[in-house]
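The next block holds one structure in the form of structure tokens; read it before the comments.
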Amino acid sequence: YALVGKEYEFEDGSQDVLTEQSIFTKLIPDMFLHSRREAFRAIKEGLTLDGDYSLPEFFQSFPLEAVQKVAFSSPNLAANDVIAVLEPMYCIGWEGTYAEKLELKCKQEAFFKDILCGMLIKRGSGSSEKDINFLSLFIKFCTGFDYLPDRDGNQDFKITVEFNFGEAQEGLFP
């Protein structure tokens, strides 16, 4: 309610002083619905080259199954699907001896296979109430997406799990 009494310019160019009622009846629809409408319009404009290109005509030559695999993802996540896109990179930035590197790599491989993958399988089973959305939250944390692209249509999609010995730079996050 910090906006009550403040003047706001809406997307249609009109201005109004916000009230408790107008926040719900005008502001929220203006901010969320209009912005989504504009985003979809921009996507459509980009995909069709501003109307010069017809997506239906382009896609009509492809089997529906192929288009679905490339354009969409499965609504159900399984731990094995998530594990399949994980690509571990071991001992990045290691400057010690080769023997030490081999020992550390074995430990990192064990951690990846036994701990990380085991946790994804256990928590991804959804056996408890707090585990139901675990895999989708994990994917969102790693990629920023709410979904995992279909493996057949997006074979190059990977989530890199990097075991890095380099010192983290300030402001950079994994």
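Owing to the predicted nature of the structure, the values given are computational and were not obtained by experimental measurement. One-based numbering along the sequence shown.
Both the sub-6.0 Å distance and the 45° axial angle are not jointly satisfied by Lys140 relative to the ring of Phe145.
Summarising the geometry, atom CD1 belonging to Ile139 is positioned 13.0 Å from atom CG belonging to Asn133; distances are rounded to the nearest 0.5 Å. If you take OG1 on Thr160 and CD on Glu87, they are separated by 5.0 Å, rounding to the nearest 0.5 Å. Atom NZ of residue Lys101 and atom CD of residue Glu95 lie 11.0 Å apart, to the nearest 0.5 angstrom. How far CD of Gln15 is from CZ of Phe10: 9.5 Å, rounded to the nearest 0.5 Å. Atom OG1 in Thr143 sits 8.0 Å away from atom CG in Leu148 (nearest 0.5 Å).
Under the 4.5 Å side-chain heavy-atom criterion for grouping Ile, Leu, Val, Met, Phe, Trp and Tyr, Leu102 is not connected to Leu104 through any hydrophobic cluster. In the hydrophobic cluster analysis, where Ile, Leu, Val, Met, Phe, Trp and Tyr join through side-chain heavy atoms closer than 4.5 angstrom, Val161 is grouped apart from Ile92. In the hydrophobic clustering of ILVMFWY residues, with side-chain heavy atoms under 4.5 Å counting as a link, Val82 and Leu116 come out together. Hydrophobic clustering (ILVMFWY, side-chain heavy atoms < 4.5 Å, transitive): Phe24 and Leu27 are in one cluster. Both Leu77 and Met119 are members of a single hydrophobic cluster when ILVMFWY side chains are connected at heavy-atom separations under 4.5 Å.
Side chain of Gln108 to main chain of Cys91: a donor-acceptor pair is present (N/O by atom type, distance under 3.5 Å, no hydrogens or angles). With Thr25 contributing its side chain and Gln21 its backbone, the two residues share a donor-acceptor pair below 3.5 Å.
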Practice problem: Let me see the working for Ile83 and Leu120 under side-chain contact (heavy atoms from CB on, under 4.5 Å), right down to the final yes or no. | Solution: CA-CA 8 Å; Ile83 292 168; Leu120 290 172; 4.0 Å; yes
Practice problem: Apply the test side-chain contact (heavy atoms from CB on, under 4.5 Å) to residues Asp16 and Glu7: give CA-CA distance (whole Å), side-chain angles for both, the deciding distance (0.1 Å), then the verdict. | Solution: CA-CA 6 Å; Asp16 200 1; Glu7 192 166 315; over 6 Å; no
Practice problem: I would like to know whether Leu135 and Asp81 meet side-chain contact (heavy atoms from CB on, under 4.5 Å); could you show each step before the answer? | Solution: CA-CA 10 Å; Leu135 290 176; Asp81 295 332; over 6 Å; no
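Annotation: ring-ring contact (aromatic ring centres under 6.0 Å, His included) contacts involving residues 89-119, sequence neighbours excluded, comprise Tyr90-Phe163, Trp94-Phe165.
Residues Val4 and Leu18 are not in side-chain contact: their nearest non-hydrogen atoms beyond the backbone lie 4.5 Å or more apart.
For Thr19, the side-chain hydrogen bond (donor to acceptor under 3.5 Å, both in side chains) criterion is met by Ser22, not counting sequence neighbours. The side-chain hydrogen bond (donor to acceptor under 3.5 Å, both in side chains) test applied to Glu162 returns Asn164, not counting sequence neighbours.
Taking 4.0 Å as the cut-off between side-chain N and carboxylate O, Glu109 and Lys113 do not count as a salt-bridged pair.
Residue-environment remark: NZ (Lys122) stays at or below the threshold of 12 foreign heavy atoms within 6.0 Å.
Classified by interplanar angle (parallel below 30°, tilted 30° to 60°, perpendicular above 60°), the ring pair Phe134/Phe138 is parallel.
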